[in-house]
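For the numbers below, each heavy atom of this structure counts, side chains included, while hydrogens, waters and symmetry mates do not. Numbered from 1 within each chain, the chains take letters A, B, ... in sequence-line order.
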Protein chains: 2
Amino acid sequence: MANELTSTDALVQASFLIQGMLERRAGEHDISLIQTRLLGILRDRTPTINELAQVLGLDKSSTSGLVDRAQRRGLVRRVPSQLDRRSVRVRLTDAGREQVQAVAAGFAGDIATMLEPLAAEDRAALTRYLSEMLVAHAAAHGLDLFATGTA
Amino acid sequence: MANELTSTDALVQASFLIQGMLERRAGEHDISLIQTRLLGILRDRTPTINELAQVLGLDKSSTSGLVDRAQRRGLVRRVPSQLDRRSVRVRLTDAGREQVQAVAAGFAGDIATMLEPLAAEDRAALTRYLSEMLVAHAAAHGLDLFATGTA
DNA sequence: TATTGTTATACTCTATAACTATA
DNA sequence: TATAGTTATAGAGTATAACAATA
């Protein structure tokens, strides 16, 4: 029995595991993964529908519907833009912020538990390598990993 | 500007990035992420609907529908079980195997490109840490990371 | 009675195309 | 004309509940 994983398998299996954990925590608060992701993005940004669609990798119509459903639950608000009256900015409500913080808290615990078997220095190295990978990928694709959306 | 990520952020961002890559490659073959995942599982197993539901973390009814749609595309077959006439086994067709191999090939290239910025020894260490984490997690949850489904 | 799988139903999520309002 | 966003439509994906067949 081969007890080793290829880089691809390790990354894929880890990604499914993490998504599953996130989905389960979100489910505890009766919210979907994509809704949670939406709220997570809005924690430090107030983007337009188009910007949101770009970040999420969705069509603007899909994004509009996503925001509709979040709004119906009182988690986000559409704020009319003064600069361009065609445009709106999507903003987290207090309820939305509480929601995403509750999910994030539980999930952070899951990650901590998952990393526990690793030695402390290995955990740090893992984080460092992933960060390096993500930063390089973002740079190669002209994305800002640390966008604050304050512009 | 803080150019560092927490463990949680690094893992989450990496998981979304990987899932997005996989989804894009699957989309090139007009297939969804979950369908691709189904086919991937079936590469080395011929599980029942219930077993599949367990692995995918879905309800058996959702799994039944998933298999329906894959079957309609000619990617899988339902094989009646001889041991228990209530049960069926889901098996990849030749077309399904071709499909999943085509997606996997493109995707392996994405992963290689993504890992390229890392030094070779760091790539190896990253894979080792992730594997260690996955093996420990599987053990803690009574799962077999290397199940072959030949039973 | 319990289990395996399917079906009916309802909802979320998604894309495409057509539309409205504004630029 | 072009762009921002919404709406109409269709389909995939999901869970719950009820069901049929088999154990």
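Not one N or O on the side chain of A:Ser64 forms a donor-acceptor pair closer than 3.5 Å with the backbone of A:Lys60. Remark: side-chain polar atoms of B:Arg89 are paired, donor with acceptor, to backbone N or O of B:Thr46 under 3.5 angstrom. Side-chain N or O atoms of B:Arg78 include none that pairs as donor or acceptor with a backbone N or O of B:Val88 at under 3.5 Å.
We find that CD1 of B:Ile49 is positioned 16 Å from C1' of D:dT22, with the value rounded to whole Å. Here the P atom of nucleotide C:dC13 and the CZ atom of A:Arg37 are 13 Å apart, to the nearest Å. B:Asp68 places its CG atom 13 Å from the C1' atom of C:dA8, with the value rounded to the nearest Å. When rounded to the nearest whole Å, the span between CG of B:Asp30 and P of D:dA12 equals 12 Å. Taking atom CG on B:Leu33 and atom P on C:dC13, their separation rounds to 16 Å, with Å as the unit. One interatomic measurement links the two molecules: CD of A:Gln54 to C1' of D:dG5, which rounds to 16 Å at whole-angstrom precision. For the pair B:Ile34 CD1 and D:dG11 P, the computed distance is 21 Å after rounding to whole Å. A straight line from CZ of B:Arg72 to C1' of D:dA12 spans 10 Å, rounded to a whole angstrom.
Under the 6.0 Å distance and 45° angle rule, B:Arg37 counts as a cation-pi partner of A:Phe16.
By the 4.5 Å heavy-atom criterion applied to side chains, A:Leu115 and B:Leu11 are counted as neighbours.
Using a 3.5 Å distance cut-off with no hydrogens or angles, the side chains of A:Thr48 and A:Ser87 do not pair a donor with an acceptor. Side chains of A:Ser61 and A:Asp59: a donor-acceptor N/O pair is present below 3.5 angstrom, by distance only.
Within 4.0 Å of B:Thr48, counting heavy atoms only, lie sugar-phosphate atoms of the nucleic acid but no base atom. Nucleic acid contact for A:Asn50: sugar-phosphate only, since backbone atoms but no base atoms lie under 4.0 Å from a heavy atom of the residue. Among the atoms of the strands shown, base atoms are found under 4.0 Å from some heavy atom of B:Ser62.
The base of D:dT16 sits within donor-acceptor range of the side chain of B:Ser61, with an N or O pair under 3.5 Å.
Near DNA chain C, defined here as any heavy-atom distance below 4.0 Å, the residues from residues 76-88 of chain B are B:Arg78, B:Arg86, B:Ser87, B:Val88, listed numerically.
Nearest to the side chain of B:Ser32, among C:dT14, D:dA4, D:dA12, sits D:dA12.
Between B:Thr63 and A:Lys60, the residue anchored nearer the 5' end of DNA chain D, judged by the nucleotide with its closest heavy atom, is A:Lys60. Mapped onto DNA chain D by nearest heavy atom, B:Gln35 and B:Asp59 fall at different nucleotides, with B:Gln35 at the one closer to the 5' end.
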